[in-house]
Amino acid sequence: MKTWGLGVAALGFGLGVPLAAMAADSIEALRYAVAGGTTNLDLRLRYEDVEQDNALEDADALTLRTRLAYTTGKWNDLDLQVELEDVHALGGEDYNSCPGNVSPFFGSGCNGNVAYSTIADPEGTELNQFWLRYVGIPNTILKYGRQRLVLDNARFIGNVGWRQNEMTYDGLNVVNTFFPKVTINYSHLTNANNIFAGDFQLESDLLNVAWTPSEAFKLVGYAYLVDFDVDAAARRDTKTLGLRAAGTVPLAGTIPLAPAKLLYTFEYAKQGDYKDSPAIVDADYTLAEVGAVFSPVTIKFGYEVLGGDAENAYAFQTPLATLHAFQGWADIFLNTPATTSFAGVQDAYVSLGATIEKFNFLAVYHDYDADDGSGKYGDEIDLQVSRPINDALGVTLKYADYSADSFSVDTQKLWLQADYKF
């Protein structure tokens with residue numbers, strides 16, 4: 001018995017030396033991971049001017065957004081990022097930073113200048129991202145915490161990246177690429193931090209599965225189950241199931257103009273009741289877009305429909321989307337129209353883009369109509385030119401002009417912006 005005890009003690013002592021060394025190495029590796037990370041600085045200076053044909057005063061704002069992020073090095077397949085974000089108004093505040101200031105949907109950063117048109121960039125400082133990432137499982141990335149999330153073209157799930165204070169989400173995201181040419185993206189979200197320095201709690205499960213056999217064909221199926229803690233007219237609990245197909249087909253050699261490419265996107269989604277929605281949810285989404293690239297020119301024709309259901313007083317909604325990128329930059333249709341018997345909206349558009357001597361030009365024309373009924377809402381012209389100055393600095397000039405017919409009011413918006421990333 002004594003001999004056995006001495007043997008165990010000797011074995012423990014023998015193992016203790018390498019274990020202690022391993023622990024020391026692990027601590028040193030952790031120290032190196034924390035100290036040897038990367039720092040990113042992102043500055044955006046923007047002037048925005050808004051004029052509307054109503055009783056509101058014209059608005060203008062000069063705002064500076066600063067993001068400072070630190071990402072650690074890898075330690076045992078783990079890394080961590082902390083990102084702070086600050087939005088500051090330079091000069092006066094001749095604008096309303098949040099529409100509907102009394103709503104709990106908006107945050108405490110609203111300035112309350114309700115006599116002015118809205119420029120949705122309230123001042124404030126916040127923890128924009130704070131996540132832990134693990135890559136130790138083959139073909140899998142797990143990320144937990146506050147994070148940026150953009151799925152497909154951000155039509156349903158996005159970060160509202162155009163606004164100075166982007167939207168981020170709290171929860172778990174898992175991306176798996178085990179199957180060849182298949183990407184499975186799953187998220188469980190518990191909170192959304194909106195662009196108004198506020199937040200709203202939810203319990204949402206998002207599944208997006210993409211199969212990309214070639215550049216010419218990508219097929220995506222998705223199921224977005226969104227349960228808000230507090231429902232509102234534009235934020236009911238919804239179940240959205242959809243299918244999206246997109247691709248780029250080379251045309252070189254088949255027509256005189258080369259290189260040339262054919263672009264296409266087709267998408268359909270059905271939105272229905274989920275969880276505790278206080279009213280019926282039943283609407284369809286449809287997108288058809290075709291285009292062509294004749295370098296350096298790109299032209300696209302599109303038709304997007306967010307369906308309306310007058311009988312059940314509901315129209316298709318996308319409260320977690322990057323809305324500014326769709327249905328015109330004047331932001332008239334951030335919520336699918338509900339004041340016209342929930343008629344939904346049809347958007348027929350054409351865009352023309354070109355890149356010439358590092359200048360990127362884009363012109364878009366939209367024609368808006370009701371989906372349920374024959375009402376014509378209005379039309380819009382959007383113009384943009386941007387240019388990179390160097391690898392870190394770029395500038396953008398942007399303009400939107402909405403002409404109202406039966407919905408909202410004539411609206412003109414102008415932006416001048418400089419972006420710096422280090």
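The first residue in the sequence is number 1, and the count goes up from there.
- Taking Tyr285 as the reference, Glu304 meet the side chain to side chain donor-acceptor pair (under 3.5 Å) condition, with sequence neighbours excluded.
- Using a distance-only test at 3.5 Å, with no hydrogens or angles considered, a donor-acceptor pair links the side chain of Tyr264 to the main chain of Ala216.
- Of the possible polar contacts, one joining the Asn113 side chain to the Glu93 backbone as a donor-acceptor pair under 3.5 Å is found.
- For the residue pair Asp86/Thr66, the side-chain donor-acceptor check at 3.5 Å is not satisfied.
- The shortest side-chain heavy-atom distance between Val160 and Glu166 does not fall under the 4.5 Å cut-off.
- Checking Gln271 against Thr240 by side-chain atom types alone, a donor-acceptor pair falls below 3.5 Å.
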> Can you list the steps and then say if Asp282 with Lys270 is a side-chain contact (heavy atoms from CB on, under 4.5 Å)?
Replying inline: CA-CA 8 Å; Asp282 186 12; Lys270 180 71 173 180; 2.9 Å; yes
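- Side-chain polar atoms of Thr355 and Asn360 form a donor-acceptor pair below 3.5 angstrom.
- By the side chain to side chain donor-acceptor pair (under 3.5 Å) test, Trp131 is found to be paired with Gln81, Gln129, residues two or more places apart in sequence or in another chain being considered.
- Side-chain contact check for Arg146 and Asn193: at least one donor-acceptor pair (N or O, by modelled atom type) lies under 3.5 Å.
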Only pairs under 3.5 Å count here: list side-chain donor-acceptor contacts from residues 178-187, not counting sequence neighbours, and write none if there are none.
from, atom 1, to, atom 2, distance (Å)
Lys181, NZ, Pro213, O, 3.4
Asn185, OD1, Asn173, ND2, 2.8
Tyr186, OH, Asp205, OD1, 2.5
Ser187, OG, Asn173, ND2, 2.7

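- Judged by distance alone, the side chain of Asp152 and the main-chain N or O of Ala154 form no donor-acceptor pair under 3.5 Å.
- In terms of modelled atom types and a separation under 3.5 Å, the side chain of Thr322 and the main chain of Asn159 share a donor-acceptor contact.
- Here the side chains of Asn165 and Glu126 are in contact, with some heavy-atom distance below 4.5 Å.
- No hydrogens or angles considered: nothing links the side chains of Tyr70 and Glu83 as a donor-acceptor pair under 3.5 Å.
- Remark: side-chain polar atoms of Asp94 are not paired, donor with acceptor, to backbone N or O of Asp60 under 3.5 angstrom.
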> Which is it for Val409 and Thr411 under the side-chain contact (heavy atoms from CB on, under 4.5 Å) test, yes or no, and what are the steps along the way?
Replying inline: CA-CA 6 Å; Val409 298; Thr411 301; 4.0 Å; yes
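- Separating the NZ atom in Lys421 from the CG atom in Asn40 is a distance of 10.0 Å, to the nearest 0.5 Å.
- No salt bridge links Arg46 with Asp419; every basic N to acidic carboxylate O contact stays at or beyond 4.0 Å.
- Under a 4.0 Å N-O distance rule, the pair Lys413/Glu51 does not qualify as a salt bridge.
- Between the side chains of Gln52 and Tyr116, not a single donor N or O lies within less than 3.5 Å of an accepting N or O.
- Remark: the backbone N or O of Leu334 is not paired with any side-chain donor or acceptor of Asp331 at under 3.5 angstrom.
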> Can you list the steps and then say if Asp371 with Gln346 is a side-chain hydrogen bond (donor to acceptor under 3.5 Å, both in side chains)?
Replying inline: CA-CA 6 Å; Asp371 177 54; Gln346 299 177 0; 3.2 Å; yes
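- No side-chain heavy atom of Val385 sits less than 4.5 Å from a side-chain heavy atom of Thr396.
- A salt bridge links Asp42 with Arg65; the closest basic N to acidic carboxylate O contact falls under 4.0 Å.
- Separation of the Phe228 and Phe200 ring centroids falls under the 6.0 Å cut-off.
- Using a distance-only test at 3.5 Å, with no hydrogens or angles considered, no donor-acceptor pair links the side chain of Ser204 to the main chain of Leu202.
- In this structure Glu48 satisfies the salt bridge (Lys or Arg N to Asp or Glu O under 4.0 Å) test together with Arg163, sequence neighbours excluded.
- No more than 12 heavy atoms of other residues, nucleotides or ligands shown are found within 6.0 angstrom of CD1 on Ile381.
- Between Trp162 and Trp415, the angle of the ring planes goes over 60°, which puts this pair in the perpendicular group of the 30/60° scheme.
- Formation of a donor-acceptor pair under 3.5 Å by the Ser117 side chain with backbone atoms of Asp58 is not found in this model.
- A distance below 6.0 Å separates the ring centres of Phe407 and Tyr377.
- Evaluation of the side chain to side chain contact (heavy atoms under 4.5 Å, CB included) rule for Asp382 yields Trp329, Val364, His366, Glu380, Ala400 as partners, not counting sequence neighbours.
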> Should Asn96 and Asn111 be marked as a side-chain contact (heavy atoms from CB on, under 4.5 Å) after you check the CA-CA gap, both sets of side-chain angles, and the distance that decides it?
Replying inline: CA-CA 6 Å; Asn96 180 21; Asn111 60 23; 3.8 Å; yes
>> For a side-chain contact (heavy atoms from CB on, under 4.5 Å) check, start with the C-alpha distance between Asp367 and Lys376, then their side-chain angles and the critical distance, and finish with the verdict.
In response: CA-CA 9 Å; Asp367 185 73; Lys376 178 174 176 54; 2.5 Å; yes
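- Between the side chain of Tyr368 and the backbone N or O of Gln327 there is at least one donor-acceptor pair closer than 3.5 Å.
- Residue Asp391 places its CG atom among 12 or fewer non-hydrogen atoms of other residues, nucleotides or ligands, all under 6.0 Å distant.
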> Which is it for Tyr365 and Tyr349 under the ring-ring contact (aromatic ring centres under 6.0 Å, His included) test, yes or no, and what are the steps along the way?
Replying inline: CA-CA 5 Å; Tyr365 173 76; Tyr349 60 90; over 10 Å; no
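- Remark: Phe326 pairs with no residue by the ring-ring contact (aromatic ring centres under 6.0 Å, His included) rule, at least two apart or across chains.
- Judged by distance alone, with hydrogens and angles left aside, the side-chain atoms of Gln317 form a donor-acceptor pair with the main-chain N or O of Ala315 at under 3.5 Å.
- For the residue pair Tyr169 / Asn191, no side-chain donor-acceptor distance below 3.5 Å is found, with atom types taken as modelled.
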